Amino acid sequence: MSSYVAPLKDMMFVLTELAGLDKVAALPGYEEATTDVVEAILDESARFTGGVLAPLNWSGDQEGARWADMAVTMPSGFKEAYARFVDNGWNALGGNPEHGGQGLPKVVSAAVQEMWKSANMSFSLCPLLTLGAIEALELAGTEAQKAMYLPNMVSGKWTGTMNITEPQAGSDLAAIRSRAVPQGDGTYRIFGQKIFITYGDHDMAENTIHLVLARTPDAPEGVKGISLFVVPKFLVNADGTLGPRNDVHCVSIEHKLGIHASPTCVMVHGDNGGSIGTLVGKENEGLKYMFVMMNAARFAVGLEGLAISERAYQHAVTYARDRVQGRAIEGSPAPVAIIRHPDIRRMLMLMRSHTEAMRALAYAVAAAHDAAARHPDAAQRAQNQAFVDLMIPVVKGWSTETGNAMSYLGVQVHGGMGFVEETGAAQFMRDARITTIYEGTTGIQANDLMGRKIAREGGATVKSVIAMMRETQGQAAAQPGPAFAAIAAALDGGIDAVSQATDHIVAHYGKDVRSVAAGAVPFLQLMGNVAGGWMMARAALVAQGRIDAGDADPFYPAKITTARFFADHVMAMAPGLAREVIQGGASTLELDEALF
Amino acid sequence: MKILVPVKRVIDYNVKVRVKADGTGVDLANVKMSMNPFDEIAVEEAMRLKEGGKATEVVAVSCGVTACQETLRTAMAIGADRAILVETDVELQPLAVAKLLAAVAKKEGPQLIILGKQAIDDDSNQTGQMLAALLGWSQATFASKVVIGDGKATVTREIDGGLETLDISLPAIVTTDLRLNEPRYATLPNIMKAKKKPLDVVKPADLGVDVAPRLSTVSVAEPPKRSAGVKVADVAQLVDKLKNEAKVIA
Ligand SMILES: Cc1cc2nc3c(=O)[nH]c(=O)nc-3n(C[C@H](O)[C@H](O)[C@H](O)COP(=O)(O)OP(=O)(O)OC[C@H]3O[C@@H](n4cnc5c(N)ncnc54)[C@H](O)[C@@H]3O)c2cc1C
Ligand SMILES: Cc1cc2nc3c(=O)[nH]c(=O)nc-3n(C[C@H](O)[C@H](O)[C@H](O)COP(=O)(O)OP(=O)(O)OC[C@H]3O[C@@H](n4cnc5c(N)ncnc54)[C@H](O)[C@@H]3O)c2cc1C
């Protein structure tokens, strides 16, 4: 199967030139994240992911996780790879140093995690869920809970899960029914069925720590009555050794379209008297903690969209160089490699430019997250947090929808061989498909963007982002040459489109929410296209600066061309998307439900 | 005992090598550089000897431009205790490197120097042998197994048609072959620690070595492109072509 070569050059470019790694390294606690150290980390991560994780991607897909006798067996090689992953310290990259982590900033872990996900998305979901569970315990756990669980979870010796979804409670968590009954000794017994639980059971680690949403006996109805519990697979004794098996079991796993190596488990709590857990944080505040953690989880899933695009792109380029078919349209003495055909070029450029745009946006959001967490100035923290909150649904929703579109193109470049499994192009498309669904579907992200992040605050944050975009637009417009003319014109049109659509949302959300909500996903797409185009324009400006300073690296002219392509082909759609948002609601909703 | 491990910064093995348009050499501008893979095997072997209690200190040495510091950091991330850079912008040829290493060895007094058998850029396969001659030490090249005994090393060598086992007395030079070991991946904590390990920089003049090139490169060219194959009608024609055109059978 194909190999994965981490795009180190673009990663370092984005980190240093667009995300402001130097500014992140100046924040208290992040002093170690200097450019040379980060480069050394990415270098070794590239070797590890390319050498250890990527070779298991295809075999893991073909073999799949298997279930028998209430337990999951991972595909061949996963257990050993996970052991190396843990031994080499990768799980602890962003972890709190108090619990054995390296304490590196999010912008660095974003780049490293992109590699995990590109190399082997199914594998990467295990640490993703562990990191989510760690975040929950860091946020709301007691000192005793932290001491009991965090050191082994930060190292990766124990893995974590999120037991949220139930058959009747998917997008709507208010419908959760699992029960938690207090035992009077500080513990609770939990009863209920959870579905779709990623890595709910597996054989790669000695213990699995479940974070479970459930209701206590006199909890109020709806979202205000949900509490968070920590429930280990094996109870942990006071001395840290493992005790008896807890009453939580994987009773089956799903048969899925993609991510075959990632076990998606039905978990039953309480068939034999209740699984034993302890409360995390305050009773009835579970959803509040969930929302804080959700930012991290949604960001991480957004990275999956980026990562799968990168891998699909690499795969497609290799094939397009190799496959000889047809003569060049202008005539050629012999058949040519398909990379010569203009339409293949268009597809490869779409893949390349979207991937670079997603990377730039995601890393910039990660850097803002670091500033929001650590900046000494409170106003700076608040401003960065507002930017992060606005952009999380964009990174999640837009990058995952884009990841699907790009892996679809990857199949198309392969022609008939793309539809056949052996080339591996189809796996990327299948694996990408889940990313727009879990951690909140695209529809849910778009509602969040439009409602909570824009309408609720009258568009204040998005307007400040629009102002930043206009500044970049002005810089692009001041550059000579056709590339910057195209970039500046498309960005100008894109910013106007976002601005008009935002005004429409703010003006009509209160009076005509159904019609506005019908345009939520087109608006999300619009925000993604324009924010991505903004990042590409910034990248082009940096590249031009380098060229002007005499740097002959072909990376820089290529970056400008790629930014121009994105302007011509992707930002060009912005005015149409704005019209969809502004005018499209009525026809979406007019038909009587009975007519469907 | 102390082990010295020379490491060379070379064009990364994943990079498709391009010859400069003027034929003066390989284009190294803006290409990824990494540690010579045979040297990774050397560092790994030194680490295993240290972890097995046979060595007390592993010192990495590199000769070349400032950026070789990155290569030395990589060696320290794998586990080397400290590093020495002999810094120069002059193009270094095997004899110059061997002289520099000999000078470093005299200062450091290692019992063992483990080098890669060759570097993947120029494939010279000379430095280890020259170094042994300059120091007057025993040498065992193309090692696929190294066992340290009392004042000696037992080294299995890969030779044409088989394996040869030599006992050599210490101090000695060993050069690594591909099958000696499988180098480890550096751990994240060790990558972070590498930054804090000592790295000394010296100049060739400090070591009293003249590194001026002794060889001059006449020209560098890409290997000829493979021409398209031809279909033969039958076995007789194939034999005829092999005999008279390709001249590979008589
Ligand atoms: C492979 C996989 C792994 C998963 N891993 C986990 C896990 O580890 N832990 C966990 O707890 N859960 C997990 N899930 C569950 C996942 O989070 C849910 O599937 C997801 O939240 C969607 O819920 P649902 O499937 O019930 O779909 P529904 O909520 O029924 O949604 C169906 C459709 O309706 C739309 N919709 C629903 N409500 C609205 C609304 N208010 N406005 C607009 N549109 C709406 C959705 O966008 C979607 O298109 C996983 C799921 C899968 C498939
Ligand atoms: C499931 C399946 C069923 C099939 N059934 C049949 C069948 O019953 N009978 C039969 O004879 N065949 C059948 N085929 C073959 C099918 O018609 C070919 O796969 C299809 O024509 C594409 O050819 P290809 O796979 O060689 O791709 P290629 O021609 O190699 O194309 C690869 C990529 O290059 C692009 N490309 C190629 N040439 C050009 C050009 N000149 N300009 C621009 N872009 C170009 C393509 O658009 C594509 O994106 C089947 C294929 C599959 C997968």
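In this text the structure is predicted, and so the values were computed from the model without any measurement. So you know, we letter chains A, B, ... as the sequences are listed, proteins then strands, and number each from 1.
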Between chain A and chain B: donor-acceptor pairs at under 3.5 Å:
{"residue": "Glu32(A)", "atom": "OE2", "partner": "Lys196(B)", "partner atom": "NZ", "Å": "2.7"}
{"residue": "Thr34(A)", "atom": "OG1", "partner": "Lys195(B)", "partner atom": "NZ", "Å": "3.3"}
{"residue": "Asp43(A)", "atom": "OD1", "partner": "Lys32(B)", "partner atom": "NZ", "Å": "3.0"}
{"residue": "Asp43(A)", "atom": "OD2", "partner": "Lys32(B)", "partner atom": "NZ", "Å": "3.2"}
{"residue": "Glu44(A)", "atom": "OE2", "partner": "Ala186(B)", "partner atom": "N", "Å": "2.6"}
{"residue": "Arg47(A)", "atom": "NH1", "partner": "Glu40(B)", "partner atom": "OE2", "Å": "3.2"}
{"residue": "Asn88(A)", "atom": "O", "partner": "Leu188(B)", "partner atom": "N", "Å": "2.7"}

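There is no contact between Ala29(B) and chain A, counting heavy-atom distances below 4.5 Å. For Leu8(A), the part lying under 4.5 angstrom from a heavy atom of chain B is the side chain only. Residue contact with chain B, scored on non-hydrogen atoms closer than 4.5 Å, involves the backbone and the side chain of Val52(A) alike.
Across every non-hydrogen atom of Pro189(B) and Gly89(A), the tightest pair is CD-CA, 4.3 Å.
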